[in-house]
Amino acid sequence: MKDRRAASAIRWPDIFYGWYIVAAIMVVMTVASGLGFYNLSVYLKAFVTHGGFPVSAASAATAFFFIASGVTGLGVGALIERYDVRWMITAGALICSVAMFGASHVHTLWQLYGFYIFFGVGYSCCALIPGTTLVARWFARRRSLALSIASTGLSLGGILLTPLSARLIERLGFAGAAPWLALIFMLGIVPIAWLAIRPSPLAYGHGPDGDPIARDERGQPLAADGVAFAQAIRSRFFIFMTLAFIFAMMAQVGSIAHQFSLVASRTASDDVAALAVAVMASASIVGRLAGGWALAHISSRGFVLALASLQGLTLVLYAYGEGAALLGVAALFGCTVGNLLMMQPLMLAEAFGLRAYGRIFSFNQLFLVAGVASGPYVMGLLYQYAGNYEAAYLTMAVASVVSIALMIAAGPVRAHIEGGHD
């Protein structure tokens, strides 16, 4: 009831309010990823340079960010099905801000690990899981386009806020920059969450995409359609597609983590390496928006298979590429980066509906931690063993091929559910 009064009190232009939700989620993801996921390498350097921690200890602690985020996601997915998602986003922003404010006071190893665990918990509460769940609630027919626009914030954060964070730490030191970063986290997320975000289109008297609300014979709104959590996670599609994305994300995140070093070593220029990273990030935005449009006309399964194939090809090109040609490879790789990340929530919503979407997606994300956290480490071991990046990138190309085989084994997106058996 409060949401309905709040909605009527704000006089927005005559446009489906779901697009304001998309814009708000894009801002939230920009802040969360720019000061969270993409900023992890900046924090690692700061803890080594300003905190005096060994590189090995700081690198190992970073893995706990992903572990904490994945485990916390299970609770986040369940809670946002029962309570207003804005409370979860607010709690996440507050936790991240407190963690960031205390980062400058980290002096021992247990405090270092505690920072990354606490920060990972907050990040899980305010980033992908609540953001993608909101977009899935507000859109059905145009879900792919809406999700592509909203998730653009993930790349924008790395482009806009991560360099800002690095400059603040460089100029003010970690102790001087931490309170400002904590303030940006709060002011960049909490006001947006309460001014613009609404938990459901029902608050505006219509259904997803602005369509009329589906009602039963008594005139009551129908419950969200979809598959029960227990049935979904036991399905062939969920199991094999989750395994596929573990390998795909291991290859992607590992390659991203080592891209700067690869290009710098092949071109003898940090400037060219930095440009390659910028090209990749820019291409990920363009590719994601193009992918969101294309998915309205092609099947999601065919599209994700094409993406995994292109990723495998670009990693082979990275293995043997030299000089300025690596900038072209970075552009191709960027087109896969944004789209592959977008395809996880999109295909899960398409396969299992909205009935238990938050819990299903969070359970999927828990397993993906294995790929995200292991990719950079495996790449580093291969580089150390071989003495060059050729073997490392070829191994990640093989991981992409494995992901393709698993995607094929998963079968059609909805056929196994609609058939009533698996």
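- Neither side chain, Glu81 nor Tyr357, offers a donor N or O lying under 3.5 Å from an acceptor on the other.
- Smallest separation of non-hydrogen atoms from Ala136 and Arg143: O-NH2, 3.2 Å.
- Contact check for Phe333 versus Ser255: side-chain heavy atoms found under the 4.5 Å cut-off.
- Within a 6.0 Å sphere centred on CD of Glu170, heavy atoms belonging to other residues, nucleotides or ligands number 12 at most.
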*Does the side chain to side chain contact (heavy atoms under 4.5 Å, CB included) test come out yes or no for Val85 and Thr133, once each step is laid out?*
CA-CA 9 Å; Val85 69; Thr133 300; over 6 Å; no
_Please determine whether ring pair (Phe, Tyr, Trp, His ring centres under 6.0 Å) holds for the pair Phe139 and Trp19, giving the CA-CA distance in whole Å, both sets of side-chain angles, and the decisive distance to 0.1 Å._
CA-CA 9 Å; Phe139 291 90; Trp19 295 113; 4.6 Å; yes
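- Ser309 has its side chain within reach of Ile404: a pair of non-hydrogen atoms, C-beta onward, lies under 4.5 Å apart.
- Side chain to side chain, Tyr383 and His258 fail the donor-acceptor criterion of an N or O pair below 3.5 Å.
- Within the model, atoms CD1 of Ile189 and SG of Cys125 stand 11.0 Å from one another, a figure rounded to the nearest 0.5 Å.
- When side chains are defined from C-beta on, Leu341 does not count as touching Ser151, because their heavy atoms never get closer than 4.5 Å.
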_Determine whether His105 and Phe174 satisfy the following criterion, side chain to side chain contact (heavy atoms under 4.5 Å, CB included), listing intermediate values before the conclusion._
CA-CA 9 Å; His105 303 287; Phe174 206 11; over 6 Å; no
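- Contact check for Ile360 versus Arg355: no side-chain heavy atoms found under the 4.5 Å cut-off.
- With Phe65 as the fixed residue, the ring-ring contact (aromatic ring centres under 6.0 Å, His included) test singles out one of Tyr113, Tyr116, Tyr123: Tyr123.
- Centroid-to-centroid, the aromatic rings of Phe229 and Phe352 stay 6.0 Å apart or farther.
- In this structure, Gln365 CD and Ser124 OG are separated by 8.5 Å, a value rounded to the nearest 0.5 Å.
- Annotation: side chain of Arg167 is in contact with side chain of Pro163 (closest heavy-atom distance under 4.5 Å).
- Between the CG atom of Leu181 and the CD1 atom of Ile169 there is a distance of 5.5 Å, given to the nearest 0.5 Å.
- Residue Met26 holds its CE atom at 13.0 Å from CD1 of Ile21, rounded to the nearest 0.5 Å.
- Among the candidates Leu161, Leu160, Thr162, the single residue satisfying the side chain to side chain contact (heavy atoms under 4.5 Å, CB included) test with Leu164 is Leu161.
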_Phe367 and Phe363: CA distance, side-chain angles, deciding distance, ring pair (Phe, Tyr, Trp, His ring centres under 6.0 Å) verdict_ = CA-CA 7 Å; Phe367 290 103; Phe363 196 63; 5.0 Å; yes
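- Around the CZ atom of Phe247, the shell of radius 6.0 Å holds no more than 12 heavy atoms that belong to other residues, nucleotides or ligands.
- Rounded to the nearest 0.5 angstrom, Leu332 CG and Cys335 SG are separated by 6.5 Å.
- The structure places CD1 of Ile197 at 8.0 Å from CZ of Arg86, a figure rounded to the nearest 0.5 Å.
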